[in-house]
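Start at 1 and go down the list; that is how both ligands and their atoms are numbered.
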Amino acid sequence: MIKLSKAPKSGLHGEITVPGDKSISHRALMFGAIATGETRIDNFLMSDDVMRTMTVFRELGVAINQVGSQIKVIGKGLDSFTKPKHALNMGNSGTSTRLLMGLLSKQPFDLSFFGDESLSSRPLRRVAEPLSLMNAQFDLTADNFLPGTIRANNRLQGMTYEMPVASAQVKSAILLAGIQAEGETIIIEKVTSRDHTERMLRQFGGIITTNNGVITIQQQPQLRGQHVLVPSDISSAAFFMVAGLITPNSEITLKKVGVNPTRVGVIKLLERMGANIKQEPIFSDGEALADIVIKSQSLHGINIMADDIPSAVDELPILALAATQALGDTVISGAAELRVKETDRIATVISELTKLGADIEEKQDGMIIHGGTPLHVMQDSVLLDSHGDHRIGMMNAVAALITEGNVILTGEDAMSVSYPGFLADLTAIMREKL
Ligand code: S3P
């Protein structure tokens, strides 16, 4: 438990380089492991979730070393893995689980895997079903949850698949199976989800075409190890964007943030709410990068619809907090996916923010946030719980910055899933300006 005080009257000030992108760090390890030769990864995210993927590959016999701040993966190709001694522990990581179900669906041995309580109640049918159409075989619980086994298999078959949910995890699992499958694999996406897998496959020498939501791949020639520079994670930066906007008298610069067009929903939605967010592009030959400058400003409510969700799916909890401070109502619709994240984020956002006097109505597929409510503690102190969800824990901490009264955070350890140093970075910009 930790007590967090309100931000000083002089606001939040400073420059922050948030840690590396979680999605890209997972994928850099995966492509490094299945390529041949050395992959060097800079600004790699050392967080609980990504360490799950790293441990899996070590258990599969892949050499992964840390040299200074750089990770080196010595890949030997998809046929080089050795049977692990233990069942694979996926912890809290949905990305490790779903992507690896595709990537490891054509190995000559069974692979058992399990996760923590939250992960064991997150849906896997969405990946097991399309991968089974490609001839992959899984044993999962009767409800398609973990624990489970990826069955030994020596043949995958390409297919054409129209995505029923907008999910980069599902898309990536199919792509990672598709690169090993006979024939063509075609994926049709109605709304584009994050495209890091497609970009990284290309960077590693793979062949992939994307055209108006139709992605086509074949069995790939051998991929080659690469240098990957991981951008700072926009999903982590989002907490500081909102903190800077809603805490009076603030100015924060976020350095080298990844601004891939499929991830910048949070910036676009905040701009629709009236925010003026300055982006200074930085040259990069990989994923797009920019420094982002945020100053406190007033916001107004907006409608957030289904098409807006995929590019901002992880940022909706912190956007909900921003909406409590905006003028008027913000209506979030088409966001039922929030119910199957690390927690049911519609329920956990509402349970925590209403403890501070926020006025939020629950909808099956989102919420209606009646804005303009100053946050306050009704009794001596209030306990905000992360419910074991990293993004709820960080939202709680940002809420504390603008709350009158004693706020105590519990379950703050969960933040290490994506941002181990979050509280230290937050308190560093809270120091009184001299
Ligand atoms: C991720 C995709 C998103 C996101 C998750 C990471 C990825 O999930 O919520 O944190 O790395 O592909 P969905 O694609 O299932 O929405």
Side-chain angles (χ1 to χ4, degrees), residues 19-31 44-45 47-50 52-53 90-103 115 118-119 121-131 144 163-176 187 189-201 215 228 230-231 233-239 258 260 262-266 287 306-319 334-346 348-349 365-366 389-395 414-415 417-419:
D21 188 280
K22 179 161 82 68
S23 294
I24 297 176
S25 297
H26 279 294
R27 286 160 173 83
L29 285 175
M30 292 180 191
F31 279 102
F44 178 79
L45 172 66
S47 79
D48 292 356
D49 254 26
V50 182
R52 296 293 174 188
T53 294
M90 303 288 167
N92 190 248
S93 179
T95 308
S96 310
T97 307
R98 298 204 177 101
L99 271 60
L100 291 173
M101 282 173 72
L103 187 138
S118 149
L119 186 60
S121 62
R122 294 184 65 191
L124 296 180
R125 184 198 297 262
R126 53 179 61 199
V127 267
E129 212 163 66
L131 293 173
N144 283 295
M163 298 275 297
V165 282
S167 164
Q169 294 186 348
V170 175
K171 172 177 68 176
S172 301
I174 299 171
L175 287 172
L176 290 165
I187 303 174
E189 267 195 313
K190 283 188 215 87
V191 186
T192 310
S193 59
R194 65 190 69 189
D195 65 357
H196 306 302
T197 306
E198 296 90 308
R199 286 173 190 268
M200 209 177 281
L201 176 60
I215 307 166
V228 179
V230 181
D233 197 327
I234 189 166
S235 299
S236 299
F239 293 97
N260 173 315
T262 61
R263 292 287 297 281
V264 291
V266 61
E287 294 257 2
D307 282 6
D308 298 316
I309 305 299
S311 65
V313 66
D314 292 335
E315 292 69 70
L316 291 168
I318 194 65
L319 282 164
E337 274 299 294
L338 289 182
R339 297 218 179 258
V340 292
K341 292 295 179 189
E342 285 81 335
T343 54
D344 172 346
R345 286 184 177 158
I346 295 176
T348 46
V349 163
D365 67 341
D389 183 334
H390 54 136
R391 300 204 197 279
I392 300 299
M394 291 188 274
M395 176 198 75
M415 296 178 196
V417 157
S418 61
Y419 197 159

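Closest to atom 15 (O) of ligand 1 among all protein heavy atoms lies Ser167 OG, 2.9 Å. For atom 14 (O) of ligand 1, the nearest protein heavy atom (residue, atom name, distance) is Ala168 N, 2.6 Å. With hydrogens left out, the protein atom closest to atom 12 (O) of ligand 1 is Arg27 NH2, 2.6 Å, a heavy atom.
Rounding to the nearest 0.5 angstrom, the gap separating the CG atom in Asp21 from the CD1 atom in Ile234 is 9.0 Å. Separation of atoms NZ (Lys22) and CZ (Arg27) is listed at 9.0 Å; rounding is to 0.5 Å. In this structure, CD in Glu198 is found 9.0 Å from OG1 in Thr192, a value given to the nearest 0.5 Å.
The shortest N or O to N or O distance between Arg126 and ligand 1 is not under 3.5 Å. In terms of N/O distances under 3.5 Å, ligand 1 is approached by Ser23.
Put simply, the side chain of Val313 reaches to within 4.5 Å of the side chain of Lys341, judged on heavy atoms. In this structure the side chain of Met30 reaches within 4.5 angstrom of the side chain of Leu176, judged on heavy atoms.
Less than 4.0 angstrom separates some heavy atom of Lys22 from each of these atoms of ligand 1: 10 (O). Numbered from 1 in the order shown, with element, the atoms of ligand 1 that lie under 4.0 Å from a heavy atom of Val313 read 9 (O). Those atoms of ligand 1 with a heavy atom of Thr95 less than 4.0 angstrom away are 6 (C), 11 (O). Which parts of ligand 1 touch Asp314 is read off a 4.0 Å heavy-atom cut-off, strictly below it: atoms 4 (C), 5 (C), 9 (O), 10 (O).
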Exercise for the section: Let me see the working for Arg263 and Glu315 under salt bridge (Lys or Arg N to Asp or Glu O under 4.0 Å), right down to the final yes or no. Expected result: CA-CA 10 Å; Arg263 292 287 297 281; Glu315 292 69 70; 5.3 Å; no
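Of the heavy atoms in Lys341, only side-chain atoms (C-beta onward) come closer than 4.0 Å to ligand 1. Contacts of Arg194 with ligand 1, taken as heavy-atom pairs under 4.0 Å, involve the side chain alone.
In this structure, His196 has no heavy atom closer than 4.0 Å to ligand 1.
With hydrogens and angles disregarded, a donor-acceptor distance shorter than 3.5 Å links the side chain of Ser47 to the backbone of Val417.
Judged purely by distance below 3.5 Å, without hydrogens or angles, the side chains of Asp195 and Asn260 pair a donor atom with an acceptor atom.
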